Amino acid sequence: MVDNVVAEQVPDELAKWDPEFTRRITQAAWPLVRRYFRAEVRGLDRFPRSGAALLVGNHSGGMLTPDVPVFGPAFYAEFGYDRPLYTLAHYGIFIAPWGPLLPRLGVVHASPEAAAAGLRAGAVVLVFPGGDYDAFRPTHRQNVIDFEGRTGYARTAIEAGVPIVPMVSIGAQETQFFLARGTELAYRLGLHRIRMDILPVSVGLPFGLTATFPPNFPLPSKIVMEVLEPVDPAAFGTTPDVDEVDDHVRRVMQRALDRLARQRRFPVLG
């Protein structure tokens, strides 16, 4: 039922993107985000200068993930507000009081239909294939690319005939100490019935040990995001294999994340 509703919402949600509203919010929030996280976005010169592209990133930082607040302003500073960036997001964030405003910022319900529609419109679509599974990965696996076997993004890019632009992020997983995803606990409590497959356990400030709620406020960890060279699915043959494309993208991302991890000298400080 939820998926059918989301599919029906796709055209309306995409049309709600408001470049002027996005500009105002971005310009107000970016100075705070940049200073607090000492944020850097590298490699935007590698990004296709025009046309549709599927941007694929690792997701970090738990419930209050800073991925989009860090990347979005850098993207618009580079390409301007006449090039929409649509971000696919879990339906849960739309429940918040500010949920109705998110489509005006280009944040839409995650679905294959939304991704395909955005790409057909010639836009850039940002997807985090690992979703909350990735965003709540335990601290001891913070520098591991793991999409939980989800390959739909690769299929979407192949069918749309657009490049996949990998992007890696480091630092946000240090904004608190992630102990466990709580997958088994979530299942035992029946949360999978409402599309909650995890019940993460973490330690942070100001609430200490929590299981998702209340969310701890993120520590001011230095965040670095890096855009990598685009991957053309057509390079994998006339009928690219989804698993082969996915494997290549993850390998490229893992090498880049390993490199950023080696450059990082101290947790949180960067």
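Everything numeric here is computed off the predicted structure, so don't read it as measured data.
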Closer than 4.0 angstrom, basic N to acidic O: yes or no for [X] and [Y]?
{"X": "R104", "Y": "E20", "answer": "no"}
{"X": "K16", "Y": "E13", "answer": "no"}
{"X": "E174", "Y": "K222", "answer": "no"}
{"X": "E78", "Y": "R83", "answer": "no"}

Any donor-acceptor pair under 3.5 Å linking the side chain of [X] with the backbone of [Y]?
{"X": "R181", "Y": "I198", "answer": "no"}
{"X": "Q27", "Y": "T22", "answer": "no"}
{"X": "E226", "Y": "V41", "answer": "no"}
{"X": "R150", "Y": "G130", "answer": "yes"}
{"X": "N216", "Y": "G208", "answer": "yes"}

Flag side-chain contact, heavy atom, 4.5 Å: [X] against [Y]:
{"X": "V68", "Y": "L105", "result": "no"}
{"X": "Y86", "Y": "L119", "result": "no"}
{"X": "L260", "Y": "R42", "result": "yes"}
{"X": "L88", "Y": "L126", "result": "no"}
{"X": "I170", "Y": "V168", "result": "no"}
{"X": "T26", "Y": "Y81", "result": "yes"}
{"X": "P230", "Y": "P48", "result": "yes"}
{"X": "L55", "Y": "F71", "result": "yes"}

Within the supplied structure, the quantity of interest is the number of heavy atoms (other residues, nucleotides, ligands) at a distance under 6.0 Å from [X] [atom1]; does it exceed 12?
{"X": "R49", "atom1": "CZ", "value": "yes"}
{"X": "R251", "atom1": "CZ", "value": "no"}
{"X": "R24", "atom1": "CZ", "value": "yes"}
{"X": "E184", "atom1": "CD", "value": "no"}
{"X": "Y36", "atom1": "OH", "value": "yes"}
{"X": "R141", "atom1": "CZ", "value": "no"}

So T212 and M63, side-chain contact (heavy atoms from CB on, under 4.5 Å) or not? Walk me through it. CA-CA 8 Å; T212 305; M63 182 177 294; 3.2 Å; yes
Scan side-chain atoms only and decide if S60 and R137 contain a donor-acceptor pair under the 3.5 Å cut-off.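 R137 and S60 do have a side-chain donor-acceptor pair below 3.5 Å.
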Might you point out which heavy atoms bring [X] and [Y] nearest each other, and give the distance in Å?
{"X": "S221", "Y": "G171", "answer": "OG-O, 2.7 Å"}
{"X": "D246", "Y": "A154", "answer": "N-CB, 4.3 Å"}
{"X": "A74", "Y": "L44", "answer": "O-CD1, 3.5 Å"}
{"X": "D67", "Y": "S169", "answer": "OD1-OG, 3.8 Å"}
{"X": "P163", "Y": "A52", "answer": "CD-O, 3.6 Å"}
{"X": "A114", "Y": "S111", "answer": "N-OG, 3.0 Å"}

Can you label the angle between the [X] ring and the [Y] ring as parallel, tilted or perpendicular, going by 30° and 60°?
{"X": "H109", "Y": "F94", "result": "parallel"}
{"X": "F136", "Y": "F178", "result": "perpendicular"}
{"X": "Y153", "Y": "F147", "result": "perpendicular"}
{"X": "W17", "Y": "Y76", "result": "parallel"}

Walk me through whether L209 and L179 qualify under side-chain contact (heavy atoms from CB on, under 4.5 Å). CA-CA 9 Å; L209 182 67; L179 298 177; 3.7 Å; yes
Would you sort out whether T183 and Y187 count as a side-chain contact (heavy atoms from CB on, under 4.5 Å), showing the intermediate values? CA-CA 6 Å; T183 307; Y187 184 82; 6.0 Å; no
